[in-house]
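In what follows, a structure is listed as structure tokens, so that the remarks can point back to it.
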Amino acid sequence: MLSVLIWLPILAAAIIAILPVSFPNHRIRLTALIFSGTVLAWNFFILLKFDISNPGMQFKEYLPWNETLGLNYQIGVDGLSILMLVLNSLLTWISIYSSSKETERPRLFYSMILLVSGGVAGAFLAENLLLFFLFYELELIPFYLLISIWGGAKRGYAGIKFLIYTAVSGALILATFLGMVWLSGSTNFAFDAFSTENLSTTKQILLLAGIVLGFGIKIPLVPFHTWLPDAYVEASAPIAILLGGVLAKLGTYGLLRFGLGMFPDAWSIIAPTLAIWGAISAIYGAVVAIAQKDIKRMVAYSSVGHMGYILLGAAASTPLALVGAVAQMFSHGIILAILFHLVGVVEAKVGTRELDKLNGLMSPIRGLPLISALLVLSGMASAGIPGLTGFIAEFIVFQGSFSAFPIPTILCVVASGLTAVYFVILLNRTCFGRLDNFAYYPKVLWSEKIPALILAAFIIFLGVQPTWLVRWSESTTTTMVAAIPSLEKTVISEVALK
């Protein structure tokens, strides 16, 4: 059942890559849409079959592969990964649908997107450390090509920078995985075969540091974020959707699955540092976003800030905070996706992303009133306005984290307020203001509006019915929290030792 989510996109990528030259370009895009739509429908089918009361892995599949290496095909889904799978397939379909019908080299373009989708799904489903690493690295070259070939003026530089940072991230994670197995004396890379009970606290912290650094680059957290603005800005809008909406979630998922999940004792020790790190990233991302003149770069830096909220929730490790962290992962994915899509539409119609050159897009004279209205909605969601999914995710994180880390939580609340500042700047200068000319920009087609309308529907529905956002992960996160020593006990024991 779960293998369909991995191998159907990969099979589709292979089929599209070998389509004859005579095959029309628009049909190549249609073929990619059909395959990605099938995967999305299958994902919703699995979601309906998912038992929210079961905290463990469900729909497990096992196939022996290389027993000598301890590498087997083991996959399963739990409350930590089910929403990420839906997010991956949804944004893959959105990315393909929102791509231009005149995209150059469409066979390579769509096959790379589908290959990324299959690799990401495999990483979210893997129950074996080496299997996870293989799928984790599968997206490296496709994303590099998607940035370097179909990106902006500085796409070559952005692609190489992305490649280097991601390769370093993978090397750190692989080294840590090998260290985890060797130091524990295990001969198997399966999740359930690994235990930290026989490892000293020092070894646990060293291994956990490798996990945090490796996935911190992928998220990315300050100061490992420098690849992000270049990659997000130079990538085309559909690829930026996948970079921010899906790829970054591999980093936060890895922190929760392998950091918090496999090193609960060490996690409780470094949690205060992680909480401060999350607050710094949140404040930094918001402040730098305010200073931007390019609206796409502003949205990119906003992503850095919102990733800090997830780290704060993971560090607090209370049942409420952890549920909020998972909810924030999904909410941030769809909000960032709609923002990048709308920025792409504005750039395509107006010809610029510069705040100093944009004004009055809400006016019917401009021809972009609906796009501007959706941009206002997206900005409100990102700023955490009540009634939208961004608010409920952030509120749960802050509510659950305050008891453990009050000061970092307050700093993140301040960062959330600063989010409203830079989105007010963005919306005031792009959607409103006095018209400096009466240019009527090209009409926005309904096909260009549909992706934003679908994402806006998710933002509103999950904001009004937050139960549909948090119910899937509640059992799993509660079980994870039960294995973590309370932060109060950790702090008391450290003070006693001193």
Side-chain angles (χ1 to χ4, degrees), residues 147 151-154 158 161 219-223 225-245 247-248 280-309 331-362 368 371-385 388 390 394 412 414-433 452 455 459:
I147 296 170
K154 298 180 180 178
K161 197 171 183 179
I219 290 174
L221 299 170
V222 176
H225 69 287
T226 56
W227 66 267
L228 179 145
D230 294 310
Y232 284 22
V233 171
E234 295 304 322
S236 61
I239 305 309
I241 288 172
L242 294 178
L243 282 169
L247 184 68
I280 291 173
S281 292
I283 292 289
Y284 176 87
V287 170
V288 176
I290 291 174
Q292 301 307 309
K293 298 296 183 182
D294 182 326
I295 57 176
K296 195 174 185 181
R297 188 172 288 271
M298 182 182 288
V299 172
Y301 275 108
S302 77
S303 179
V304 175
H306 284 82
M307 290 291 99
Y309 305 158
S331 296
H332 175 265
I334 59 176
I335 292 171
L336 199 67
I338 191 173
L339 284 168
F340 274 131
H341 174 71
L342 293 172
V343 168
V345 172
V346 170
E347 183 181 12
K349 302 303 178 182
V350 182
T352 184
R353 300 191 307 258
E354 295 297 322
L355 282 176
D356 295 337
K357 298 178 181 178
L358 292 167
N359 57 48
L361 298 184
M362 184 70 80
L368 299 169
I371 294 299
S372 298
L374 291 170
L375 191 59
V376 171
L377 174 72
S378 308
M380 291 169 62
S382 186
I385 300 300
L388 302 174
E394 292 178 18
C412 284
V414 171
S416 181
L418 293 175
T419 301
V421 172
Y422 61 75
F423 272 111
V424 166
I425 293 173
L426 185 153
L427 298 173
N428 184 53
R429 296 187 184 179
T430 58
C431 301
F432 306 102
L455 293 169
I459 289 171

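All values below come from the heavy atoms of this structure, side chains included, with hydrogens, waters and symmetry mates left out. Predicted, not measured: the structure shown is a model, and the values here were computed from it.
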Between [atom1] of [X] and [atom2] of [Y], what distance do you get to the nearest 0.5 Å?
X      : Y      : atom1 : atom2 : value
Ile147 : Lys154 : CD1   : NZ    : 15.0 Å
Ile425 : Ile290 : CD1   : CD1   : 5.5 Å
Leu377 : Ser382 : CG    : OG    : 11.0 Å
Leu228 : Ile219 : CG    : CD1   : 11.5 Å

Closest approach of [X] to [Y] (non-hydrogen atoms, all atoms of both residues):
X      : Y      : answer
Ile338 : Ala452 : CD1-O, 3.3 Å
Ser303 : Leu336 : OG-CD2, 3.9 Å
Tyr309 : Ala415 : OH-C, 3.5 Å
Ala235 : Leu243 : CB-CD1, 3.9 Å
Met362 : Ala373 : CE-N, 3.9 Å
Pro229 : Ala300 : CA-CB, 4.3 Å

Return yes if some donor-acceptor pair links the side-chain N/O of Glu234 with the main-chain N/O of Gly151 below 3.5 Å, else return no.
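Not at all, since once roles are kept as given, no pair shorter than 3.5 Å links the two residues.
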Quick check: does any side chain N or O of Ser378 sit under 3.5 Å from a backbone N or O of Leu374, one acting as donor and the other as acceptor?
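Pair found, side chain donor or acceptor close to backbone of Leu374.
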With sequence neighbours excluded, tell me which residues meet side-chain contact (heavy atoms from CB on, under 4.5 Å) with [X].
X      : answer
Pro238 : Ser95, Ser98, Ser99, Ser236
Lys293 : Glu354, Asp356, Arg429
Val424 : none
Thr430 : Ile295, Leu355, Leu358, Leu361, Leu375, Leu426

Just grab all the salt bridge (Lys or Arg N to Asp or Glu O under 4.0 Å) pairs involving residues 334-346, residues at least two apart or on different chains.
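For residues 334-346, and leaving out neighbouring residues, there are no salt bridge (Lys or Arg N to Asp or Glu O under 4.0 Å) pairs at all.
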Name all pairs fulfilling the salt bridge (Lys or Arg N to Asp or Glu O under 4.0 Å) condition that reach into residues 341-351, sequence neighbours left out, sorted by first residue then second.
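Residue pairs passing salt bridge (Lys or Arg N to Asp or Glu O under 4.0 Å), neighbours aside: Glu347-Arg353, Lys349-Glu448.
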Pairing residues for His332 by the ring-ring contact (aromatic ring centres under 6.0 Å, His included) criterion, not counting sequence neighbours:
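Here the qualifying residues are His306.
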Who are the ring-ring contact (aromatic ring centres under 6.0 Å, His included) partners of Tyr232, not counting sequence neighbours?
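In terms of ring-ring contact (aromatic ring centres under 6.0 Å, His included), with neighbours along the sequence ignored, Tyr232 is linked to Phe340.
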Hey, mind stepping through Leu388 and Ile335 against side chain to side chain contact (heavy atoms under 4.5 Å, CB included) and telling me if it holds?
CA-CA 10 Å; Leu388 302 174; Ile335 292 171; over 6 Å; no
Quick check: do Arg297 and Asp230 have side-chain heavy atoms less than 4.5 Å from each other?
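Result yes, sub-4.5 Å side-chain heavy-atom pair found.
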What I'd like to find out is whether the side chain of Val350 reaches to under 4.5 Å of the side chain of Leu368, using heavy atoms alone.
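When only atoms from C-beta onward are counted, Leu368 and Val350 do touch, with a gap below 4.5 Å.
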Mind running side chain to side chain contact (heavy atoms under 4.5 Å, CB included) on Phe423 and Leu339 for me, showing each step along the way?
CA-CA 11 Å; Phe423 272 111; Leu339 284 168; 3.7 Å; yes
Once ring pair (Phe, Tyr, Trp, His ring centres under 6.0 Å) is applied, what residue pairs with a partner in residues 280-301 remain, sequence neighbours excluded?
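Counting only pairs at least two positions apart or across chains, the ring pair (Phe, Tyr, Trp, His ring centres under 6.0 Å) contacts touching residues 280-301 are His225-Tyr284.
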Output all residues satisfying side chain to side chain donor-acceptor pair (under 3.5 Å) with Thr352, sequence neighbours left out; order by chain, then residue number.
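For Thr352 there are no side chain to side chain donor-acceptor pair (under 3.5 Å) partners, ignoring immediate neighbours.
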Which residues satisfy the side chain to side chain donor-acceptor pair (under 3.5 Å) test with Ser302, sequence neighbours excluded?
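For Ser302 there are no side chain to side chain donor-acceptor pair (under 3.5 Å) partners, ignoring immediate neighbours.
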Report the C-alpha distance between Thr226 and Lys161 in whole Å, list the side-chain angles of each, state the deciding distance to 0.1 Å, and finish with yes or no for side chain to side chain contact (heavy atoms under 4.5 Å, CB included).
CA-CA 9 Å; Thr226 56; Lys161 197 171 183 179; 4.0 Å; yes
